There are 4 protein chains.
Amino acid sequence: MPTDNASLPDSAPTVAKRSRRKSARPSEIVEAALQVFVEKGFAATRVEEVARYAGVAKATVFVYFPTKEALFKAVVRAKIVDPLAGFKDHAAAHTGSTRDLIMRALHEWWTRIGGTKAGGISKLMMQEAKRFPELANFYQSEVLSPATELMAEILQRGVNRGELRQIDIPHTVMSIMSSLLFLSMWSQSYGLDRPFCGEILSPQAFIDHQINLLFSGIELKGSVSCA
Amino acid sequence: MPTDNASLPDSAPTVAKRSRRKSARPSEIVEAALQVFVEKGFAATRVEEVARYAGVAKATVFVYFPTKEALFKAVVRAKIVDPLAGFKDHAAAHTGSTRDLIMRALHEWWTRIGGTKAGGISKLMMQEAKRFPELANFYQSEVLSPATELMAEILQRGVNRGELRQIDIPHTVMSIMSSLLFLSMWSQSYGLDRPFCGEILSPQAFIDHQINLLFSGIELKGSVSCA
Amino acid sequence: MPTDNASLPDSAPTVAKRSRRKSARPSEIVEAALQVFVEKGFAATRVEEVARYAGVAKATVFVYFPTKEALFKAVVRAKIVDPLAGFKDHAAAHTGSTRDLIMRALHEWWTRIGGTKAGGISKLMMQEAKRFPELANFYQSEVLSPATELMAEILQRGVNRGELRQIDIPHTVMSIMSSLLFLSMWSQSYGLDRPFCGEILSPQAFIDHQINLLFSGIELKGSVSCA
Amino acid sequence: MPTDNASLPDSAPTVAKRSRRKSARPSEIVEAALQVFVEKGFAATRVEEVARYAGVAKATVFVYFPTKEALFKAVVRAKIVDPLAGFKDHAAAHTGSTRDLIMRALHEWWTRIGGTKAGGISKLMMQEAKRFPELANFYQSEVLSPATELMAEILQRGVNRGELRQIDIPHTVMSIMSSLLFLSMWSQSYGLDRPFCGEILSPQAFIDHQINLLFSGIELKGSVSCA
DNA sequence: TATGAATGAGCCTTCATTCAT
DNA sequence: CATGAATGAAGGCTCATTCAT
């Protein structure tokens with residue numbers, strides 16, 4: 001028997017039943033679904049729990065989303081695809097150093113996605129990718145590809161501007177993404193409040209550390225670098 | 001309440017596969033369970049499929065493992081804890097450079113764990129950590145803590161031996177682990193045969209790249225040190 | 001898996017929406033319900049489909065009919081009882097031969113009931129009789145009994161007038177009814193466009209054939225009969 | 001709300017649970033399913049009720065029949081297709097008069113199919129034909145076509161042997177089938193214990209009456225023929 | 001009146017688990 | 001020990017029905 005001692009409260013703040021709010025319902029349900037999906041995984045998520053958490057009846061979920069899978073897709077769309085859209089413009093508008101741009105982007109990503117419940121979706125997608133190949137493709141093309149390409153462009157720009165040395169861009173993109181996504185997954189799963197190697201990890205500090213490490217390696221070493 | 005007696009009934013090691021021998025059954029089941037758990041996740045795994053993979057009847061699984069959860073524990077124990085045991089001695093016996101030690105360790109880990117089905121366990125544990133906190137604690141204390149401490153000791157040894165500069169060891173351990181574990185998860189989920197940033201990733205090349213990046217930052221630079 | 005490729009069009013010939021005539025709504029709904037009940041049966045009929053077919057919202061159906069069962073009753077009442085009402089007077093007014101009277105009655109019945117969607121009601125009632133005994137009793141007393149009694153009277157009249165020999169009236173009534181009702185059900189279920197015994201059946205021809213068969217047996221054989 | 005005062009007893013004669021009788025179970029379930037399908041129709045039949053009536057758990061039904069539809073098909077096969085197989089040989093072996101052959105066949109059919117619960121299947125098939133076209137085709141080719149062709153051959157044989165005059169065979173087949181099938185449906189739906197036209201109908205008497213009627217019409221009349 | 005929205009009550013189906021052999 | 005058979009306990013999804021506007 002699964003231990004099932006989830007941290008979700010048994011009853012959400014109940015809102016007035018039968019209140020007519022067609023426009024509000026779907027996003028409330030998506031919000032609730034995000035919590036439960038991230039907490040339990042796709043297969044183990046019960047629609048009834050999503051409903052309870054959203055303050056509606058189970059059947060109401062099916063008024064807006066024909067299947068559990070459709071609900072899942074809606075969550076991915078709302079919580080990852082849409083927020084990610086803004087990043088590209090932000091990068092294009094940046095005028096400062098590449099290091100600064102990357103640092104801002106990573107911290108921003110952490111604040112808006114990785115450090116929030118939405119970060120749990122990366123974990124989810126990785127888990128469910130094989131069982132839902134269609135969804136995995138959707139995630140690849142809508143989320144992963146744009147994100148990696150954006151990072152590749154940023155790095156290439158740094159090389160072109162003489163800020164970075166000639167690096168292997170795909171591997172470096174993977175390096176950056178891996179540490180960030182892993183941090184997000186780790187915090188979703190084990191939390192950041194437990195000591196790691198005897199210390200409590202701070203995501204901001206880790207990101208800064210990562211960038212230091214990274215730039216100690218990829219930055220052009222001139223006389224200035226030690227300043 | 002399922003008891004923790006899931007530890008494998010001792011199985012005779014390295015004898016030609018004879019499905020007739022009773023003592024081989026449990027390990028065959030664990031082997032099969034590993035495949036299915038990693039492929040499907042805990043909740044989506046059907047015991048019947050595990051049994052089919054192992055070539056036994058569904059009820060036979062329950063002869064050796066009282067619950068699905070116990071089976072899961074046994075898999076984790078057999079596929080992570082035991083293989084990891086050798087690493088520590090290996091590290092203690094090492095006499096060469098720290099960089100060399102780390103490189104060997106990471107490649108070794110990839111060959112024996114990360115790149116194999118066993119690597120899927122990390123993914124599984126991360127996904128199911130909240131559903132099975134008892135299991136997560138077990139994994140933390142039996143796997144993650146030993147591994148991080150080992151890596152911390154290796155780094156500390158490098159610092160002590162004057163090979164590395166004074167680095168933030170916990171963050172660096174996290175850096176190393178994150179890239180490796182993420183690579184393992186990524187390959188389990190999306191495979192390494194799809195192009196990433198236009199290239200096919202090779203795990204060995206990525207590990208080498210990571211170590212280069214890392215040591216370009218943490219290695220003591222001969223006389224040119226900026227200190 | 002129910003193939004559910006019913007012949008009902010996806011969008012009914014939408015009756016002029018918002019037709020101001022409120023009094024027309026119930027009969028429009030009954031008309032729509034007849035189609036769907038006959039097509040799908042009682043249990044498999046969804047009120048929503050009736051509503052769509054009637055061009056109203058689902059809830060509107062419940063404005064006029066408190067339950068699905070009430071709707072069913074209304075359909076039976078409207079489509080069977082009322083049309084049948086005219087038959088009795090018609091028969092009473094008849095002055096010609098009994099054979100002619102029966103022939104007219106049967107063709108008339110086919111044209112107005114048996115050959116129309118309303119004929120499906122017989123099928124429906126037979127199917128649902130045990131589930132809705134109250135409805136079955138209603139149908140018995142309002143439809144079947146009057147019809148059989150009318151036919152019995154017609155036959156008796158024929159005997160009295162010396163047109164028919166002394167026959168077993170109840171059995172003969174059953175004979176007449178069974179062939180007609182069966183033809184109606186058959187056409188509702190399997191259609192009359194498929195060959196039967198290698199021929200396409202025509203209901204009119206079958207009715208004539210039935211009457212021939214019947215009167216070759218029950219008609220008084222005198223010198224006149226062969227004329 | 002459906003009245004649902006079915007005549008099925010609430011609890012079937014309970015047999016020892018968990019008794020190992022693989023070979024017996026499927027036919028027991030088919031038997032139970034026949035009762036309930038005929039009583040309730042396909043859509044309104046709950047698998048749970050079939051199970052209860054068969055003295056097994058609901059899940060047990062799904063051990064033997066993957067879906068409700070598969071169960072339905074199994075019932076048709078076991079209760080109609082198989083029993084019908086013997087009729088053809090019986091007819092071929094007949095040596096007496098055509099009238100006698102038909103009379104025997106109809107009474108036999110009534111005893112073995114029409115007058116039993118299996119007779120309800122004709123009714124069922126008619127009701128569900130449109131929703132399950134595949135099943136309807138199966139029923140047409142496996143049941144209806146063989147039966148009508150057999151009857152057509154019998155009549156043709158009678159004509160060939162000079163027992164019957166030149167009749168319209170398809171129409172006559174339909175006449176015979178309609179009265180018999182209708183009688184079966186009628187008895188399934190309304191029962192034969194209620195008076196019809198003031199009399200209690202006996203199926204045997206009705207069949208005899210039908211044959212009389214039929215042969216008074218189609219039989220060759222010795223010298224008195226009106227031809 | 002008419003309806004969009006919401007839901008309670010089930011139903012079919014699945015599956016971990018039990019049990020008799 | 002192994003297993004075929006059986007089942008209790010859900011879970012996803014449907015739909016008649018209700019309610020607020």
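Note that this is a predicted model, so its numbers are computed, not measured.
- If B:Val56 and A:Ala59 are placed on DNA chain F by their nearest nucleotide, the residue sitting closer to the 5' end is B:Val56.
- Closest approach to the C:Phe62 side chain among E:dA16, F:dT17, F:dT7 is made by F:dT17 (side chain taken as heavy atoms from C-beta onward).
- Minimum atom distance to the side chain of A:Thr60 is reached by E:dA6, of the listed E:dA6, F:dT17, E:dT17.
- In terms of the side-chain hydrogen bond (donor to acceptor under 3.5 Å, both in side chains) criterion, B:Lys58 has no residue partners (sequence neighbours excluded).
- A sub-4.0 Å separation between OP1 or OP2 of F:dA2 and a side-chain N or O of B:Tyr64 is present.
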(Q) Let's test your reading of the pairing rules: Watson-Crick or G-U wobble, both distances under 3.5 Å, then write DNA chain E as a dot-bracket string with ( ), [ ], | and dots. (A) .||||||||||||||||||||

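- Residue order along DNA chain E, read from the 5' end via each residue's closest nucleotide, puts D:Val47 first among B:Ala43 and D:Val47.
- A distance-only check finds no donor-acceptor pair linking the side chain of B:Lys123 to the backbone of B:Gly41 [under 3.5 Å].
- When the side chain to side chain contact (heavy atoms under 4.5 Å, CB included) test is applied to A:Thr45, the partners found at least two apart in sequence or on another chain are A:Val36, A:Phe37, A:Lys40, A:Val50.
- For D:Glu48, the side-chain hydrogen bond (donor to acceptor under 3.5 Å, both in side chains) test picks out no residue, with sequence neighbours left out.
- By the side chain to side chain contact (heavy atoms under 4.5 Å, CB included) test, D:Glu128 is found to be paired with D:Phe42, D:Leu124, D:Arg131, D:Phe132, residues two or more places apart in sequence or in another chain being considered.
- Where C:Lys58 and B:Thr45 meet DNA chain E, the nucleotide closest to each residue was compared, and C:Lys58 sits on the side nearer the 5' end.
- The phosphate of E:dT14 has neither OP1 nor OP2 within less than 4.0 Å of any side-chain N or O from B:Arg46.
- Nearest-nucleotide positions on DNA chain F place B:Gly55 closer to the 5' end than the other of A:Pro66 and B:Gly55.
- Not a single side-chain hydrogen bond (donor to acceptor under 3.5 Å, both in side chains) links B:Gln35 to another residue, sequence neighbours left out.
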